[in-house]
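Accompanying notes for the structure given below.
Labels below follow one simple rule: chain letters A, B, ... track the order of the sequence lines, proteins then strands, and each chain is numbered from 1. Keep in mind it's a predicted model, so treat the numbers as computed, not measured.
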Amino acid sequence: MKAETARRLGFALALGAAFAASPLTSGRRLVPSLVGGVVAAVVVLAMRRPRGPLPLRLATPTGTSRLVLAATAATAAAAFAPTILELVHVFTWSVWQNAHGMLFPFLIWELACARLRRSEGDAASSAWGFAPALLGILLVVLDSGMGTLQVATVGMVSFAWGFSLLTLGSQRTRALALPLALCLFLVPLPTTLAAPLGFPRFSVSGTAWLLQLFGVAAQPVNQYLVVSDELAYGVSNNCSGFSTFIAGMAVASFLAAHTKSRARALLLLAAPWPLAIASNSLRTAALITTCQRFHLDIANTPLDGISGIGALWLVMGALLLIADRKGLREGLR
Amino acid sequence: MIPVSTTRLPWLLAALLVAAPLIYANVLRTHDECGSGSRAAPLTGVAGIERVERHRDSIFQWTSWEEKTPGVLSHAVIRARKPRVLADPGSLAKSRVILSSRSEVRHRSPGGIDLPIHFDRTEDAGHSRFAAYLFIYADRPAESLLHQQIAAGWEPLPLGRRPVTVMMAWGIGTPEQARRLEAEATHWIVETWKLFASQCGS
């Protein structure tokens, strides 16, 4: 019981620290980061009740086997440390890029633990695991020279898949297929993809429409909203809602996997695109209106970032409302 | 209890022990055709620009004053050790250019090398904005940094990471002013490339 309590405490503290460092608490401002981190840890501790008859326990090998397992894990951690540190840097940089990166691994971890608790079979190591594991190592080595980060992240996911096959066997790796697949949402995508997906264009149109409702005349010209002779607000790739969309897709995929109804699952997967554009349009319209009313300089107000955080949580809340929450609770038990 | 097998792990451990030193060698070592990514002394000779410290993501920048004055060309040479930070050059300019159209002009330099100069353009009410830029991977012009990074593949392994450079000129003005500035921008980029090529080569 003590070990289980320590694990729960460890999980809550790690999640609290990740939340504090993430751009969702503004990251670089000490007080909101600390408050956000503590609140997140307390909420997680309160929510993660003891799981009764289904604790997750790995049969730790003894003797030489234990040494080999520990050495492999430590060497893998050391080899992948530069990629992981770079990912942390990218994930904590700004709410406009990969904002879900710090917290999504915790959802994946919860899901993996839940799947392992229910899985059966012996640990018949599968030699097929060498293929993805070695491919993963090769990709990380290659990317250490290339420096794309995307290639190295895909490499780490491939390695994790191979490692699972080698240590847990093929049956349990099948049980882990979903959490392993969800790891691909941790590949940092460039915001230049926002324009081909229509985010700046639709955000500008949505904002112009909302501004009309608020009584502010604004003319959409390309990716700019021309409010007055002095103010032309540009919706760039970064602040077009793309980061919210990616975070939404990651969470929607997680929620859809725990939904019994196929129609609801499809709705969840289709929802992030319109929700991200709608929330970003609302954010931009509110920002422009507020800055106009109080004569604030949009470029130099923290309201821009704060409204980005708000838009992201709005989408997460909407997805949770659509989700099959009963199925989610059962799935994570 | 979930059983864990370790029978095949020694082979995986061996592979990781080979890979780890290679990874660290690549991450810690850089090879710069200009001598040093932080100095790149030859570029300080480019007319009209001076060095500006910009610590974000190891960016080193030489730039003219970033004025938003209509009809005046601004320009910069930006070098970075992390190519992804230069993925959207238009956003690096203070009066950022939010892309609404893109085109490419190919210039053949005196050395016979094609210079793919990209133009990002956009317009708001009454103003045309553009950013013209040339990507350079290590010591050669590249159409796309990501494609060039991947195409280079094994190349950095024996030498270490190589910095990337973007030569960029941008401006804002009436459509007529913008057309004139675009011609000036192309000329400036070609001249700056000549200086770079004469002093930074493998």
Contact class of A:Ser164 relative to chain B, heavy atoms under 4.5 angstrom: neither
Atom group of A:Ala152 that falls short of 4.5 Å from chain B, counting heavy atoms: neither
For chain B, the option from A:Leu225, A:Leu134, A:Ile137, A:Val151 that forms the most heavy-atom pairs under 4.5 Å: A:Ile137
Rounded distance (nearest 0.5 Å) linking atom CE of A:Met146 with atom CG of B:Asn26: 10.5 Å
Validation row: A:Phe159, B:Leu12 side chains within 4.5 angstrom (heavy atoms): yes
Minimal non-hydrogen separation, B:Tyr24 against A:Ala78, with atom names: OH-O, 2.6 Å
Validation row: B:Leu9, A:Phe163 side chains within 4.5 angstrom (heavy atoms): yes
Where B:Arg129 and A:Tyr224 come nearest, the two heavy atoms and their spacing: CD-OH, 3.4 Å
Non-hydrogen atoms of A:Thr72 and B:Leu16 that approach each other most closely: O-CD1, 3.8 Å
Which of B:Ile23, B:Leu13, B:Thr7, B:Val18 touches chain A most, by non-hydrogen pairs under 4.5 Å: B:Ile23
Within-4.5 Å side-chain heavy-atom neighbours: B:Ser5 and A:Thr167: no
Separation of A:Leu165 CG from B:Arg8 CZ (nearest 0.5 Å): 10.5 Å
